[in-house]
Amino acid sequence: MKAAGKDGHSDHGAHSEQGGHDKHAGHSPEMFRDKFWVSLVLTIPVVFWSVHVQDLLGYRAPTFPGSDWIPPILGTIVFIYGGRVFIEGAWHELKARLPGMMTLIALAISVAFIFSWIVQLGLIQAEALWWELATLVTIMLLGHWIEMRSITQAQGALEELAKLLPDKATRITDQGEEEVTVDELNQGDIVLVRPGENIPADGILRKGESDVNEAMITGESRPVKKAEGDEVIAGTTNGSGSLRIEITGTGEDTKLSGIMRLVAEAQTSKSRAQNLADRAARLLTFVAIASGLLTMAAWQVIGMPLDFTIVRMVTVLVIACPHALGLAIPLVVAISTTLGATSGLLVRDRLGLEEARNIDTVIFDKTGTLTLGEFRVVEMAIADELTEDEALRIAAGVETESEHPIARGIVKTAEDKNIEIPAAEQFRAIKGKGVTARVEGREYHMGGPALLEEQETDVPSALSDAAGKAADRGQAAIYLLRNSDAIAMFAVADAIREASREAVAALQKRGIEVAMLTGDSQAVADAVAGEIGIDTVFAEVLPDDKASRVKELQAGGKKVAMVGDGVNDAPALATADIGIAIGAGTDVAVEAGHIVLVRSDPRDIPRIIDLSRATYGKMVQNLWWAAGYNIVAIPLAAGVLAAWGVLLTPAVGAVLMSASTVIVAINAQLLRRLEL
């Protein structure tokens, strides 16, 4: 973040209106705060020595030589010091040909300032508007301060994320330990992370084990157990173990930096509702100016004094300022984006989140999304007195030295169950058939049908029946043999994520159809879909055809969300109404998605829809309030009820306008109460 200059403007320029709502580019809450308090101090004597206020409240201010000049002098200072930001903002709006709320405020205070000096110099007989001008500027500064604080607080998650990275790290070298700054770390460095310290960069755990708190990054409330070979993320907090980590990503290449970029981009990206609000604000600006001129002309025709008609016009310009309308959407955008980010939902494109509320069909890629993308033992059959855990323990011992994916899946299943794996001796691979090893003094074999044929094994019916069912589901059947006798069968397949069933059920409960898309065989696809509860299955789909299947559903009137993690999912993610990328997937898939699931948890899909619906509801509420307020307020400001003694001053108009802004801000803040 760049430092602000003396006038509160940062170095990167004062204003940019590319999207229609960047009136505060280069401004800070501190700048508006300081200007407000100084202007308030100056405004108090302006109001106190105002003749109009004295007559209204029935008191007399002390008089002394020059006391009559207190309102014009201090009022001028307030106009120049406090009103400058609005004049500059109006200049940038007009230069960009996008007149908006800054233009309205600048016009109102400029008309009041010029008119008051004309009166002060005795060029016309009327009552100056010094106290109205000073209070108007002060209240406008207060309103903008409140707005800037609200948006800055909503965006504060970025600053909180930045604080997660430590300033220093302990690097391990041949000479021992050395303390370096995080900026000095390079890929391949080994760093020591002690208990309770934050991890300084992305890396692979090479030595040690610990529970790591990843809540600020992934939204996962429970610490995640990390062992050798596991990935760790910069900014997460180490638990009680001492870790040695090999650095794989530093600086801008860390996941934390990527998250911060996505949040920042999403908060500045436009949604359809924002574009609508911007157009409405510009339209209201023209309506307000036209209404002000018409009000002045109408009262002049009736024969009212010039000062009265100018006050009416200024009040219309002030009260019609589309401040609340301009704040209605950006604040909701900022809050919803940070709310999602802190819950593991990264919004890359605002249109994606906005569209999520209309989704009626969710397509899941199978491998790596609904499943782990890794082999696991999904079913066991036992033909001996062994328990399932005991059979798995022995099988994992036999396979522990094998590098085959299925063997690794068996070992990993035992590890997932916290089964202590025995050491193997005399391990030997039998080419094309399996492996053999001695475990706890006994010889065992592991393999498929080819091994059974070589060993001339007669398979018990309990095992052969289970193997047949596994084959029907497209799963590999691996046998454990002892002395050429088959004692257990393990059905090995791509394991289904534990969360997949809950995710599908939650979506179906919301009335959303769920489909699965995969390049696997129909048998494998049907088996997975049956376990999870998915009715619609697209199997044996080539990578190039995935996007075509999405288009087919869209052609049938469906609003489709695609969830995937691989390179071959990228076209489908980009084609869908919403592309949702699994965060653990490839960079290509993440870049193609509108929303990224940091936790790779399919249960986050229903949460996206909940966030979308809640966000849209707040946007609609704020837009209705902001627009409805002006429908009532403009006629009152023009003086339609003057015959009944109802006349609003510019200061009262500013109070009402600021009140509408505060209401919109409070309503947006209520979005924080949403439980995701």
Side-chain angles (χ1 to χ4, degrees), residues 19-21 146-147 150-151 153-157 219 263 266-281 284 322-362 503 506-513 558-561 576-578 580 594-595 597 603-632 659-676:
H21 186 82
I146 292 172
E147 175 188 354
S150 297
I151 292 180
Q153 288 171 355
Q155 294 172 334
V263 174
Q267 288 181 338
T268 56
S269 67
K270 292 285 180 179
S271 66
R272 291 189 183 92
Q274 175 62 65
N275 290 327
L276 173 63
D278 288 340
R279 289 196 299 271
L284 186 56
H323 206 223
L325 193 58
L327 180 62
I329 304 304
L331 187 52
V332 175
V333 166
I335 292 173
S336 63
T337 304
T338 52
L339 186 63
T342 54
S343 300
L345 313 175
L346 292 184
V347 180
R348 294 191 66 250
D349 186 339
R350 288 294 315 173
L351 291 176
L353 180 59
E354 188 172 310
E355 192 65 33
R357 66 187 177 84
N358 296 319
I359 290 300
D360 54 26
T361 303
V362 174
L507 287 168
Q508 291 170 339
K509 186 178 179 180
R510 288 165 173 78
I512 296 171
E513 181 183 349
K558 299 287 188 180
K559 288 288 186 180
V560 180
D577 295 282
I578 302 178
I580 302 173
H594 297 94
I595 299 172
L597 305 185
R603 289 176 298 187
D604 286 339
I605 309 295
R607 299 165 71 214
I608 291 171
I609 293 169
D610 292 344
L611 178 61
S612 175
R613 290 173 178 175
T615 299
Y616 184 78
K618 286 299 177 188
M619 287 181 177
V620 170
Q621 291 167 15
N622 279 358
L623 286 175
W624 271 110
W625 170 259
Y629 152 81
N630 281 287
I631 292 171
V632 174
S660 71
T661 302
V662 171
I663 291 172
V664 166
I666 291 173
N667 188 48
Q669 294 289 345
L670 293 177
L671 185 61
R672 295 181 183 277
R673 298 166 62 182
L674 177 68
E675 293 185 8
L676 290 176

- In Å and rounded to the nearest 0.5 Å, what is the CD to CD1 distance from Glu355 to Ile578? 6.0 Å
- Identify the heavy atoms of Asp577 and Val560 that sit nearest to each other, and give their distance. OD2-N, 2.8 Å
- Task: Starting at NE2 of His594, measure out to CD1 of Ile580 and round the result to the nearest 0.5 Å.
- Result: 10.0 Å
- Message: When you measure from the side chain of Asp360 to the backbone of Lys558, do you find a donor-acceptor pair of N or O atoms at a distance under 3.5 Å?
- Response: no
- Note on the structure: Closest non-hydrogen contact found for Val362 with Ile359 is CG2-CG2, 4.0 Å
- What one should report as the nearest heavy-atom pair of Leu353 and Ser336 is CD2-OG, 4.2 Å
- Note on the structure: Residue set satisfying salt bridge (Lys or Arg N to Asp or Glu O under 4.0 Å) with Arg510, at least two apart, ordered chain then number -> Asp610
- Item | Gap between atom CG of Asp604 and atom CG of Leu611 - 0.5 Å precision | 11.0 Å
- Would a 4.5 Å heavy-atom cut-off, applied to side chains only, mark Leu674 and Thr615 as touching? no
- Partner residues of Asn667 under the side chain to side chain contact (heavy atoms under 4.5 Å, CB included) criterion, sequence neighbours left out: Lys618, Gln621, Asn622, Leu670
- Item | Rounded distance (nearest 0.5 Å) linking atom CD1 of Ile335 with atom CG of Leu671 | 6.0 Å
- Task: Check whether any side-chain heavy atom of Leu597 sits under 4.5 Å from a side-chain heavy atom of Leu345, and report yes or no.
- Result: yes
